Every structure is written in structure tokens, then in C-alpha cells.
Amino acid sequence: MKHLWLFILLAILSFSSLYILMKKMNITNVLGCYFFSNVLITNTGVIINLNLKLTKQDPTSTLIFWTQKFPELSLKPALLLWLIYILFSKRSIFSKLILLFIFLTALISSEIYFVHIGYLEWVNWNVFYSYLRYSLIILLLAIYSFYLEKLINRNKEVNTI
Amino acid sequence: MILPLPEKFDANEIFIIFSTIITLFLVYKSPKHLSAVTLIIIWTFNVFLALLADITIGIKPYNFYSTIDHTKHELFDVLLHFITYPTLPYFVVNFYQHKKPNGIKLLSYIIFWAGIAISIEWISLKFHVFTYTGWKLYLSFFVYIVVFAANIWLSNFIEKRHPYERT
């Protein structure tokens with residue numbers, strides 16, 4: 001139960017951080033990216049777990065289910081959104097790469113934690129695959145965010161004309 | 001397989017294909033009252049909601065219903081989530097932005113669309129797109145009311161920032 005409380009606490013922190021992000025990024029882009037990151041996390045997660053059976057968990061435990069569901073809806077999207085903000089900021093490529101690695105590691109750490117506490121079993125899965133999974137998610141999310149931002153700016157231009 | 005194909009290509013797949021084609025045609029033909037930004041946000045929001053519902057109460061430990069042939073996430077599930085499901089909320093929001101009813105008219109408008117949504121869901125039950133294993137149709141009615149109200153709120157929020165421009 002303490003694990004669930006830990007992720008509820010992290011969820012509160014994540015949503016608070018998203019509130020701060022809304023002041024730094026376009027609020028529409030934040031909302032779109034939040035929804036889309038969830039879609040990507042859920043789809044890849046289901047494919048890995050249900051379809052390919054590369055990971056395993058006790059399907060009958062509601063505690064395990066919700067302990068994993070909370071970060072899926074809060075911590076992971078928040079980390080991805082902050083990463084998108086960093087990637088489109090005016091930082092140097094080098095610092096972006098370092099931050100990319102740190103954020104990817106943070107995303108994967110939550111899964112390693114689940115494996116460590118016995119809530120998740122990696123059958124034919126490893127850390128390297130997790131890096132690949134989240135890299136793909138970041139790539140797709142960055143494309144979505146880029147074109148949405150472009151559309152937002154075009155809409156603004158049309159409205160000012 | 002990453003996205004399994006149907007075990008049997010039968011009534012439910014045919015229903016999904018036909019309903020997807022018809023709704024997409026209607027989306028294409030209907031007059032637009034939303035900006036492109038609103039359209040994208042509303043569409044993404046509904047894909048998110050559909051997945052959230054199906055991958056929360058549609059799988060173990062809850063397993064209140066299953067979609068299509070089996071418990072796996074198959075190709076036709078993706079079609080349902082990404083194309084078929086979001087079209088109805090699109091119509092709800094699109095026509096709302098045209099007439100902008102409020103008060104009792106807005107409530108009637110939402111109830112009307114929730115009625116349409118459960119009618120479609122009832123038909124899809126007959127075609128075995130969904131199989132209830134604990135879920136009830138009347139529960140969907142209340143869910144649709146909340147979902148459509150959330151969609152209308154979100155569309156107002158986005159349209160205020162990125163309004164639709166008539167050409």
C-alpha cells in the first residue's frame with residue numbers, strides 16, 4: 001500500500017509541475033501533448049504486456065493495477081512534457097542530450113522500481129528495450145507538439161490579420 | 001504479433017469498417033464550426049478517453065467488458081480508438097459551436113447526443129463489437145453525458161484561445 005501512496009504523492013507533484021509548465025508553454029500544446037503522451041504510453045504498454053507478453057504482472061491485483069496506473073497518468077506524461085519543453089527550448093544540443101538521457105532514465109526508473117518490488121516481471125524485456133520504447137514515444141510526441149505549435153501560430157496569425 | 005488481426009473476420013469487423021467509413025464521410029461532408037487546433041485537441045482527447053476506459057475497466061482486474069474478438073489489443077481496436085470513437089464527440093462539439101445552446105437547451109442537447117451514443121452502442125452490442133461482462137448499457141448513458149459535457153467545456157476553452165475563422 002505504501003507504494004501506491006508514494007505514486008499518489010508523485011502524481012500530485014507531477015500535476016503541480018504541469019501547472020507551472022502551462023505558464024511556460026502554450027496551454028493548448030500542454031493539453032494536447034498530455035493526452036497524446038497518455039495514448040502513446042498506454043498503446044505501447046498494452047502491446048508489450050498484453051500482445052507480445054514481454055512483461056508480466058498479476059492481473060487479479062487491483063493494488064498492482066492502480067500503483068502502475070497512477071504514474072502512467074501523471075508522472076510519466078509530466079516527465080515527457082517537461083522533456084518536450086526542454087527539447088524545444090534554446091539550450092545547447094549538448095545540454096539537451098544530457099537532459100534527454102536524465103529524463104529517459106527517470107522514466108525507466110519507475111519501471112525498474114516496479115520490477116524491484118515484484119509488481120512487474122520482465123520476461124523477455126530489459127532496460128535497453130525500455131530506452132528504445134521511450135525514445136520512440138518522445139520522437140512521436142515531439143512531432144505532434146511541433147505541428148500543433150505550428151498550427152497554433154498559424155491560427156494566431158490568421159486572427160491578427 | 002504487435003497488433004493481432006481478427007481471429008475471425010465476421011460481423012463485428014464489418015460493422016466497424018462500415019461505421020468508420022460512414023462517420024468519416026459525414027465528418028467530411030458536414031459544415032465545419034471548429035478551428036483546426038480545436039479539432040486536433042478534441043480528437044486527441046477522445047482517443048485518450050477511449051483508451052483510458054478500455055484499458056482500465058475493459059481489462060483485468062475489472063474486466064467489465066471486452067471489445068471485438070479477444071482480450072488482446074488488436075488492429076481493429078486501434079481503428080476503433082483512433083477513428084470510430086472520436087467522430088461522435090466531434091459532431092457533438094461541432095454542432096454545439098454552431099448554435100451554442102445554454103441552460104436547459106444545453107442539457108437537452110447533451111442528453112439527446114447521449115441517447116444517440118447509447119443507441120449506437122446498443123447496435124454495436126448486437127454486432128458483438130462489445131461484450132458486456134458486468135457493464136450495463138444505462139451506465140454508458142451517464143458516462144456519455146459526462147464525456148460530452150467535458151468535450152463541450154474543452155472545446156469552449158480551446159475556441160476562446162484559437163477561434164474558428166469563417167472563410
Side-chain angles (χ1 to χ4, degrees), chain A residues 22 26-54 56-70 72-73 77 133 136 140-141 144-161, chain B residues 1-5 34-64 66-67 70-75 77-82 85-86 89 150-151 153-167:
Chain A
M22 279 180 177
N26 189 307
I27 192 165
T28 309
N29 203 344
V30 173
L31 283 172
C33 283
Y34 173 78
F35 300 140
F36 194 58
S37 65
N38 264 295
V39 169
L40 294 172
I41 292 166
T42 310
N43 258 311
T44 52
V46 168
I47 287 168
I48 291 161
N49 189 277
L50 275 180
N51 292 4
L52 301 174
K53 298 201 185 304
L54 297 172
K56 225 162 76 178
Q57 69 191 63
D58 179 7
T60 56
S61 168
T62 49
L63 180 69
I64 291 176
F65 178 81
W66 285 109
T67 312
Q68 295 196 51
K69 198 77 185 172
F70 270 107
E72 252 183 46
L73 290 168
R133 177 193 171 193
L136 176 70
L140 294 172
L141 194 61
Y144 178 89
S145 175
F146 176 77
Y147 284 105
L148 185 61
E149 190 69 40
K150 244 178 139 176
L151 207 61
I152 289 166
N153 291 333
R154 204 173 64 188
N155 198 274
K156 264 186 202 161
E157 277 169 27
V158 170
N159 289 331
T160 45
I161 291 166
Chain B
M1 205 167 181
I2 292 177
L3 288 170
L5 292 168
L34 298 175
S35 67
V37 178
T38 312
L39 172 69
I40 288 180
I41 298 295
I42 289 294
W43 206 277
T44 316
F45 177 57
N46 286 289
V47 177
F48 159 72
L49 285 182
L51 263 168
L52 184 67
D54 285 0
I55 312 297
T56 304
I57 55 170
I59 60 162
K60 285 178 184 173
Y62 298 103
N63 221 3
F64 289 145
S66 61
T67 51
H70 44 63
T71 49
K72 283 192 175 181
H73 191 60
E74 60 176 89
L75 188 69
D77 278 312
V78 176
L79 191 68
L80 268 178
H81 290 141
F82 281 85
Y85 285 155
N151 268 284
W153 178 83
L154 185 63
S155 76
N156 279 337
F157 185 82
I158 306 296
E159 279 290 311
K160 217 184 271 177
R161 283 158 182 81
H162 315 285
Y164 170 70
E165 287 295 310
R166 272 168 228 280
T167 48

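A quick note: this is a predicted structure, and the numbers were derived from the prediction, not measured. Letters A, B, ... are given to chains in the order of the sequence lines, protein chains preceding strands, and every chain is numbered from 1.
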Open item on the list: Just so I know, are the side chains of A/Lys69 and B/Ile55 near enough to count as touching, which here means a heavy-atom distance under 4.5 Å?
Closed with: yes
Open item on the list: Under a 4.5 Å cutoff for heavy-atom pairs, which residue among A/Leu148, A/Asn43, A/Thr60 has the most contacts with chain B?
Closed with: A/Asn43
- [ ] Name the region of B/Thr56, side chain, backbone, both or neither, that has any atom closer than 4.5 Å to a heavy atom of chain A.
- [x] both
Task: Residue A/Asn49 versus chain B: region with a heavy atom under 4.5 Å - done: neither
TODO: Indicate yes or no: at least one non-hydrogen side-chain atom of B/His162 is less than 4.5 angstrom from one of A/Asn26.
DONE: yes
Task: Heavy-atom side-chain proximity of B/Thr44 to A/Tyr34 below 4.5 angstrom - done: no
- [ ] With rounding to the nearest 0.5 Å, note down the distance linking CG in A/Leu151 to CD1 in B/Ile40.
- [x] 5.0 Å
- [ ] To the nearest 0.5 angstrom, please state how far the CG atom of A/Leu73 sits from the CZ atom of B/Phe48.
- [x] 6.0 Å
- [ ] Please state whether the side chain, the backbone, both or neither of A/Phe36 comes within less than 4.5 Å of a heavy atom of chain B.
- [x] both
Task: Note, A/Val39 side chain near B/Phe45 side chain (heavy atom, < 4.5 Å) - done: no
TODO: Heavy atoms only, distances under 4.5 angstrom: which of A/Thr42, A/Ile152, A/Leu31 has the most pairs with chain B? Name it, please.
DONE: A/Ile152
Task: Flag side-chain contact, heavy atom, 4.5 Å: A/Asn51 against B/Ile2 - done: no
Open item on the list: Is B/Ile158 in contact with chain A via its backbone, its side chain, both, or neither, using a 4.5 Å heavy-atom distance?
Closed with: side chain
Open item on the list: To the nearest 0.5 Å, what is the distance between CZ on A/Phe35 and CG on B/Leu52?
Closed with: 10.5 Å
TODO: Can you tell which part of A/Ile27 gets under 4.5 Å to a heavy atom of chain B, answering side chain, backbone, both or neither?
DONE: side chain
